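All values reported here derive from a predicted model rather than from experimental measurement. Residue numbers start at 1 and run along the sequence shown.
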Amino acid sequence: MNLTNTVKTMWGAISFCGRKGLYILLVALLSGPFFNNAFAQGSLSGGLQTNGNFFVRDTSIGAANTPQYDNLFSGYEGWLNLNYSNFGFDLGLRFDFYLNSNLPDPQAAFTGQGIGNWFIKRKIHKLDITAGHFYDQIGSGIIFRAYEERLLGIDNSLMGLRLAYDLSDNWKVKTMLGRQRNPFGSNGVVSSTYKPIIASLSFDGYVPVSDDVQLAPGGGVVNRVLDEESMALIVADINTYAPIDSFIPKYNVYAFSLYNTLTVKDFSWYIEGAFKTNEAIVGPEGILVDKFGSVIMTNLSYSRKGFGITVQGKRVENFILRTSPNEILNEGVINFLPPTARQNTKRLAARYNANTSELSEWAFQVDLLFKPAKNINAALNFSNITDLDGNLLFREAFAEARFKNLGTTKKWTTTLGLQYQEYNQDFYEVKPGVPNVISVVPMTEIIYKIDRKKTIRTEVQYQHTQQDFGSFFYVLGEFTIAPSWSFSFSNMVNIKPRKTDERESYYDVSVGYTHKSNKFTFAWVKQIEGIVCTGGVCRFEPAFNGARITLNSSF
């Protein structure tokens, strides 16, 4: 069988047999003379990530009353990726497994395994073809973004067909058709999809007006079509409402966006506007309403050597875009609303984060970076977020300075920081009646390079607040021996507790070992409950007490 006929057979198997066609493809690749001759010419790569959690019940911090703490005592997750390229084709396969995992739902246990992701890619002249699961976005993601964020249990790849065509060197048009993956389906299925259909069309361009002025315009449209089962649930819900709240739901919703980046020498201005047609969404009162949605977002930045400033603004109104309004939390989310607040990394500075509000938000942020001296880097940040009625949701002021190569030995690096926050815990964590958290966090980090391989890093932070759990003190010590070993210890003490009678310590003792492309970590962790955010997407994490083991490997 020659290459042309082999490829035709593979594509035909996938077209008519769905996932079974994928298995036929793999058998064709991994057996017979075709494999023996082709594999040596191709490129194979991959990686493995596994997590193991061992739960120890501790009622004093709320680490109790879940299946893991009460009965199961352990949970595991793992992902194995394989990527192969040959004859102009790119093929990918990922095996997912979850055993008593609390990643999908912190209050429950999920067990399932299977092929979580697969794809076939081929570029034929100017046409780029992808079949299977794929990740992509339109613009900044306001109307469509398929992406993976494992720590938050998000994997909303689109299962279907992606076609991208190069109209010219500077212009591209793209269409995506399919259904969104549901990574945690019923009965342990990790490769199911939500039933509604998603279709999109978008374009991106580049216009070099002059040597100093460039434009990068783009735009797109997304259409989501409900299935009969989803519509039946919506209708049944609306039929229970009073006549004044009733409406006729629609199968189709359309979301449109236009965006452009204007670059003029050291200035860059990005602006994106989006709107979506009326559809049934869950309103602020918790019932379905028929609403039109809109978003406008802009970033203006200026940078030169030693100085940079970015100003961001965003207005959001009723821009919930899901596979259906029956989905909740992070389930079935089609789009992504970029955050307009600083992404903090220090432990106490990151305790309270602002995820984007889909219903009502006015957000503003200024970020300033400058270098007043050769060995000093400084940063200032201010963000303010309210709803459209002017009620404060989040406010932060942050200042940081880093001093490098201090002393005659040039082995010291010191960072000093100060944060002020106001956080609407009622809104972000659905805790009615609680006051806004007002906190002040001074912090420092000191790094000392003993020699070329050995480094000591320490952090000291203090969070002063009279709300929520009260004030905390945090200290961390880390010792690394490059490239193999790392040892760390941290402790967060509730020094002025408001919810417990005694001071609680939340510690983390960890050891990491790296050998070539394999990295192992072991940690014993006692963790307070809170909101965990990544890139503006957040979820609630309950208190944790126990051991964590991870393995990351690549080849």
Side-chain angles (χ1 to χ4, degrees), residues 149-152 154 299 301 308-312 314 336-357 361 363-370 377-386 392-403 413-425 427-429 436-447 457-465 467-478 488 490-494 506 508 525 527-541 544:
E149 192 61 66
R150 290 179 184 172
L151 293 179
L152 299 180
I154 296 174
N299 300 336
S301 62
I309 184 172
T310 300
V311 180
Q312 296 178 300
K314 182 169 84 239
F336 171 77
L337 297 177
T340 311
R342 188 177 189 275
Q343 300 304 297
N344 293 298
T345 56
K346 296 291 188 290
R347 181 67 182 91
L348 294 183
R351 266 188 44 77
Y352 302 107
N353 280 281
N355 60 310
T356 299
S357 170
E361 182 179 278
F364 172 78
Q365 179 177 214
V366 178
D367 195 62
L368 179 65
L369 303 173
F370 57 98
N377 293 288
L380 296 173
N381 179 276
F382 176 78
S383 59
N384 192 81
I385 302 174
T386 69
L392 180 66
L393 303 181
F394 182 82
R395 178 177 294 147
E396 179 180 32
F398 182 90
E400 182 180 80
R402 172 169 292 189
F403 306 87
T413 299
T414 301
T415 302
L416 302 175
L418 181 65
Q419 178 201 61
Y420 170 83
Q421 271 190 347
E422 296 179 50
Y423 173 81
N424 191 325
Q425 196 173 28
F427 176 80
Y428 288 114
E429 300 182 25
N436 288 357
V437 176
I438 300 175
S439 71
V440 177
V441 181
M443 66 199 85
T444 184
E445 177 187 73
I446 299 174
I447 300 174
R457 184 175 71 92
T458 61
E459 288 185 19
V460 179
Q461 304 165 39
Y462 172 68
Q463 183 176 57
H464 174 74
T465 179
Q467 294 80 38
D468 199 20
F469 281 86
S471 299
F472 284 89
F473 177 79
Y474 175 86
V475 61
L476 174 143
E478 182 181 77
S488 71
S490 67
N491 194 19
M492 189 171 78
V493 183
N494 195 186
Y506 301 91
D508 185 327
V525 181
Q527 177 179 297
I528 192 173
E529 71 172 42
I531 299 293
V532 175
C533 297
T534 300
V537 181
C538 305
R539 81 170 200 159
F540 174 77
E541 287 281 356
F544 177 82

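For the atom pair E396 CD and N344 CG, the distance stands at 4.5 Å (nearest 0.5 Å). Expressed to the nearest 0.5 Å, how far CG of L152 lies from CG of N355 amounts to 10.5 Å. N384 CG to F394 CZ: the interatomic distance, rounded to the nearest 0.5 Å, is 9.5 Å. We find the CD1-OH distance between I385 and Y428 to be 4.5 Å, quoted to the nearest 0.5 Å. Atom CD of E478 and atom OG of S490 lie 10.0 Å apart (nearest 0.5 Å). In this structure, I446 CD1 and L416 CG are separated by 8.0 Å, a value rounded to the nearest 0.5 Å.
For E429 and Y352, the side-chain atoms include no donor-acceptor pair closer than 3.5 Å. Residues Q463 and R351 bring a donor and an acceptor atom of their side chains to less than 3.5 Å of each other. Checked by atom type, the side-chain pair Q467/N436 shows no donor-acceptor distance below 3.5 Å.
Other residues, nucleotides and ligands place more than 12 heavy atoms under 6.0 Å from the CZ atom of R150.
Under the 3.5 Å distance criterion, the side-chain polar atoms of N353 are left unmatched by any main-chain donor or acceptor of Q343. When atom types are taken as modelled, the side chain of T356 and the backbone of L337 share a donor-acceptor pair closer than 3.5 angstrom. Under a 3.5 Å cut-off, the side chain of E459 and the backbone N or O of M443 do not form any donor-acceptor pair.
The shortest side-chain heavy-atom distance between S471 and F473 does not fall under the 4.5 Å cut-off. Contact annotation: the side chain of Q421 never approaches that of V437 to less than 4.5 Å [non-hydrogen atoms, C-beta and beyond]. Residues Y462 and L348 are not in side-chain contact: their nearest non-hydrogen atoms beyond the backbone lie 4.5 Å or more apart.
Minimum interatomic distance between K314 and P338 (heavy atoms only, all atoms of both residues): NZ-O, 2.7 Å. T386 approaches L392 most closely through the heavy-atom pair CG2-CA, 4.1 Å. Of all the heavy atoms in S439 and T465, the pair that sits closest is CB-CB, 4.0 Å. Residue T340 comes nearest to A363 through the heavy atom pair CB-CB, 3.6 Å, listed as atom of the first residue, atom of the second, then distance.
Below 30°, between 30° and 60°, or above 60°: for Y506 and F472 the angle between ring planes is between 30° and 60°, a tilted geometry.
Partner of R402 under the side chain to side chain donor-acceptor pair (under 3.5 Å) criterion, chosen from T415, N377, T414: T415. Checked options R457, R347, K346, E445; the residue passing with L476 is R457 (criterion: side chain to side chain contact (heavy atoms under 4.5 Å, CB included)).
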